[in-house]
Amino acid sequence: QVQLVESGGGLVQAGGSLRLSCAASGRTFSRYAMGWFRQAPGKEREFVAAVSWSGSTAYADSVKGRFTISRDNAKITVYLQMNSLKPEDTAVYYCAASQIWRTDRQYQYWGPGTQVTVSS
């Protein structure tokens, strides 16, 4: 029904920036809430940011003021602009889609993830 693929991860120094993209497909995509989550080795997957189909956003306290989630005009691609990156931001970042607005991990669809590594 919905397929997601992340891109844009990589290695950056602390204080640098990255922009992650999530390409989505599916006839109902434009009505889905989209979220970004991250998971470090040995850690639970945690919420980072979410955007509704109409453009409302929510952020984890740890990334407020540094990260920005957005979706393009056609609602085909979702982005996560990450500025002022810190070593603790290092994780695999996952894009997710949900039929209802939520900020927990109960999203219905998930991408395979993209690695973000921030060096000090």
Side-chain angles (χ1 to χ4, degrees):
Q1 192 74 20
V2 176
Q3 295 81 44
L4 308 172
V5 180
E6 305 93 340
S7 63
L11 173 64
V12 298
Q13 293 188 19
S17 298
L18 283 174
R19 191 186 197 192
L20 305 183
S21 299
C22 175
S25 62
R27 288 185 294 175
T28 61
F29 170 73
S30 64
R31 293 282 188 171
Y32 281 57
M34 303 296 299
W36 285 98
F37 294 76
R38 65 188 182 187
Q39 186 171 23
K43 306 290 186 179
E44 290 189 337
R45 193 167 300 184
E46 65 176 355
F47 170 78
V48 175
V51 58
S52 73
W53 65 270
S54 60
S56 298
T57 60
Y59 298 92
D61 288 341
S62 59
V63 306
K64 285 182 179 178
R66 299 189 298 122
F67 292 9
T68 302
I69 187 170
S70 62
R71 59 202 303 168
D72 68 14
N73 292 336
K75 298 184 174 66
I76 300 299
T77 304
V78 179
Y79 303 96
L80 184 68
Q81 178 66 48
M82 306 186 294
N83 298 325
S84 301
L85 283 163
K86 306 173 181 179
E88 50 263 45
D89 295 318
T90 295
V92 176
Y93 282 70
Y94 297 90
C95 179
S98 174
Q99 292 175 303
I100 61 172
W101 172 258
R102 65 197 310 146
T103 56
D104 59 20
R105 296 182 295 177
Q106 303 303 309
Y107 276 63
Q108 285 74 54
Y109 303 97
W110 295 85
T114 185
Q115 176 71 46
V116 172
T117 302
V118 184
S119 62
S120 60

Using atom types as modelled, flag every donor-acceptor pair under 3.5 Å from a side chain in residues 78-86 to any protein atom, sequence neighbours excluded.
| unit_1 | atom_1 | unit_2 | atom_2 | d |
| --- | --- | --- | --- | --- |
| Q81 | NE2 | N83 | OD1 | 3.0 |
| N83 | OD1 | S17 | OG | 2.9 |

Are Y32 and Y109 close enough that some pair of their side-chain heavy atoms sits under 4.5 Å apart?
yes
Residues in side chain to side chain donor-acceptor pair (under 3.5 Å) with T117, at least two apart?
Q115
Linking Ile, Leu, Val, Met, Phe, Trp and Tyr through side-chain heavy atoms less than 4.5 Å apart, which residues share a cluster with F37?
F47, V92, Y94, Y107, W110
Pairs involving residues 88-120, ordered by first then second residue, that meet disulfide bond (SG atoms under 2.5 Å apart) (sequence neighbours left out):
C22-C95
Excluding sequence neighbours, so at least two apart, what forms side chain to side chain donor-acceptor pair (under 3.5 Å) with E88?
none
Sequence-distant partners of R19, side chain to side chain donor-acceptor pair (under 3.5 Å), two or more places apart:
none
Tell me every residue that passes salt bridge (charged side-chain N to carboxylate O under 4.0 Å, His left out) with K64, counting only those two or more places apart in sequence or in another chain.
D61
Who are the salt bridge (charged side-chain N to carboxylate O under 4.0 Å, His left out) partners of E46, not counting sequence neighbours?
R38
Only counting residues at least two apart or in another chain, list the ones meeting side chain to side chain donor-acceptor pair (under 3.5 Å) with T103.
none
Sorted by chain and number, sequence neighbours left out, salt bridge (charged side-chain N to carboxylate O under 4.0 Å, His left out) with R66 holds for D89
hydrophobic_cluster_shared for Y59 and V48, side chain cutoff 4.5 Å
yes
Sub-3.5 Å donor-acceptor pair from the side chain of T90 to the main-chain atoms of V118, do we have one?
yes
Nonpolar side-chain network containing V5, other nodes, edges under 4.5 Å
none
A14 to S120 - nearest heavy-atom pair and separation:
CB-CA, 4.5 Å
The criterion is salt bridge (charged side-chain N to carboxylate O under 4.0 Å, His left out); which residues satisfy it with R45, sequence neighbours excluded?
none
